[in-house]
**Student:** 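Please see the structure below; I have some questions.
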There are 2 protein chains.
Amino acid sequence: MKERVTFEEYVKIASNSATESGNCPVSGLLLMLQGKWKNQIIYAMSLNDTIRFGKLKKEVPGITNTMLTNTLRELEADGLIHREQFNEIPPHVEYSLTEKGRNLFPIFYEMLKWGLRYAT
Amino acid sequence: MKERVTFEEYVKIASNSATESGNCPVSGLLLMLQGKWKNQIIYAMSLNDTIRFGKLKKEVPGITNTMLTNTLRELEADGLIHREQFNEIPPHVEYSLTEKGRNLFPIFYEMLKWGLRYAT
DNA sequence: CGGAATCCTTACGGATACTG
DNA sequence: CAGTATCCGTAAGGATTCCG
């Protein structure tokens, strides 16, 4: 696939990518990014090769244990992050972005450019 | 801003773009795209220069009047679409993407590439 | 034709307390 | 340290009926 396309080309490609159920690859990704904390967690994780639960909680101000746990589980189920547990005393867990997760960055970069352009 | 950047450069730019409230331009955009029907409506509108309520309803299978109305109002409030009302008998309304809305396309294109690459 | 009004159900987000 | 378990309020999504 080309690096850059016109709007008309995009539409053509997108229409050919729809499945019978009416879902398109874009919808699936948007679903993965839905939720109040997804973006902030992914961003915090992009700043660290690996990051622990406690540090993540500090870097995402206002999040509760419950929401951090839930959101991490969703991100893991979607294959965007990796969870590695160390059974030591005290136990700890390291989270990191997968390749799939890191490859979201061109998308975030386009979103950032758009956001800066149209920021109110 | 450059056309393409490395991951590290993106992170740097993004961290400089955060406001005091902790919100970033990316979060704002993600909020605009949140909702079950946003993507499908924007996509249907990208296929037509202008489109009417009734046709839009046909092109977004399963949507109800209520949800179509609500979602269109949100998209309009966010400046992504334009609404033009013709007071004729019978009355009709034309919806179209604004420049701001059309400029989402590089984002959707990156999402599409990602989605096709990681489609399960 | 293009909605508005109403009512209903579920999902999301969150506060608090407790634990291996 | 890194979570669970419970409970709760709000908001998102939807079905149905009616209207200018």
**Student:** Are Leu31(B) and Met32(A) connected in a single hydrophobic cluster, I mean Ile/Leu/Val/Met/Phe/Trp/Tyr linked by side-chain heavy atoms less than 4.5 Å apart?
**Tutor:**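 Met32(A) and Leu31(B): separate clusters.
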**Student:** Between the protein and nucleotides 11-13 of chain D, are there any N/O to N/O pairs under 3.5 Å, and if so, what are the atom names and distances?
**Tutor:**
unit_1  : atom_1 : unit_2   : atom_2 : d
dG13(D) : OP1    : Lys36(B) : N      : 3.0

**Student:** Answer with base, sugar-phosphate or nothing: what part of the nucleic acid does Thr69(B) contact at a heavy-atom distance below 4.0 Å?
**Tutor:**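 Here Thr69(B) touches the backbone only, sparing every base.
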**Student:** What does the list of N/O pairs under 3.5 Å between the protein and nucleotides 16-20 of chain C look like, with a distance for each?
**Tutor:**
unit_1  : atom_1 : unit_2   : atom_2 : d
dT16(C) : O4     : Thr66(A) : OG1    : 3.4

**Student:** When the distance from CD1 of Ile51(B) to P of dC1(C) is rounded to whole Å, what number comes out?
**Tutor:**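 For the pair Ile51(B) CD1 and dC1(C) P, the rounded distance is 15 Å.
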**Student:** If I compare all heavy atoms of Tyr95(B) with all of Arg73(B), which pair ends up nearest, and what's the gap?
**Tutor:**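 Looks like OH-NH1, 3.6 Å.
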**Student:** Rounding to a whole Å, what distance do you find between Arg83(A):CZ and dA2(D):P?
**Tutor:**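 From Arg83(A) CZ to dA2(D) P: 10 Å.
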**Student:** From Glu74(B) CD over to Ile41(B) CD1, what is the distance, rounded to the nearest 0.5 angstrom?
**Tutor:**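 Nearest 0.5 Å value for the CD-CD1 distance: 9.0 Å.
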**Student:** Does the side chain of Leu29(A) come within less than 4.5 Å of Ile107(A)'s, by heavy atoms?
**Tutor:**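 Yes; the side chains approach each other to less than 4.5 Å.
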**Student:** The side chain of Val93(A) lies closest to which of these nucleotides: dC1(C), dA2(D), dT4(D)?
**Tutor:**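 So the nucleotide nearest the side chain must be dA2(D).
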**Student:** By the ring-ring contact (aromatic ring centres under 6.0 Å, His included) test, which pairs, at least two apart or in different chains, include something from residues 61-91 of chain B?
**Tutor:**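 Of all non-adjacent pairs touching residues 61-91 of chain B, those that pass ring-ring contact (aromatic ring centres under 6.0 Å, His included) are Phe86(B)-His92(B).
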**Student:** Does Arg73(A) have a side-chain nitrogen or oxygen under 4.0 Å from the phosphate oxygens OP1 or OP2 of dT4(D)?
**Tutor:**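 The answer is yes; a side-chain N or O of Arg73(A) sits under 4.0 Å from OP1 or OP2.
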**Student:** Heavy atoms under 4.0 Å, any strand shown: does Phe86(B) hit a base, just sugar-phosphate, or nothing?
**Tutor:**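 The answer is nothing, as Phe86(B) stays clear of every strand by at least 4.0 Å.
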**Student:** Measure the shortest side-chain to side-chain distance between Asn39(A) and Phe108(A) over non-hydrogen atoms and say whether it is less than 4.5 angstrom.
**Tutor:**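 Contact flag for Asn39(A)/Phe108(A) side chains = yes.
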**Student:** With the side chain counted from C-beta on, respond yes when Gln40(A) and Ile63(A) share a heavy-atom pair under 4.5 Å apart, and no when they do not.
**Tutor:**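 Heavy-atom side-chain distance check fails, nothing below 4.5 Å.
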**Student:** Under 4.5 Å between any side-chain heavy atoms of Asn48(B) and Glu59(B), yes or no?
**Tutor:**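 A side-chain contact exists here, since the closest heavy-atom pair is under 4.5 Å.
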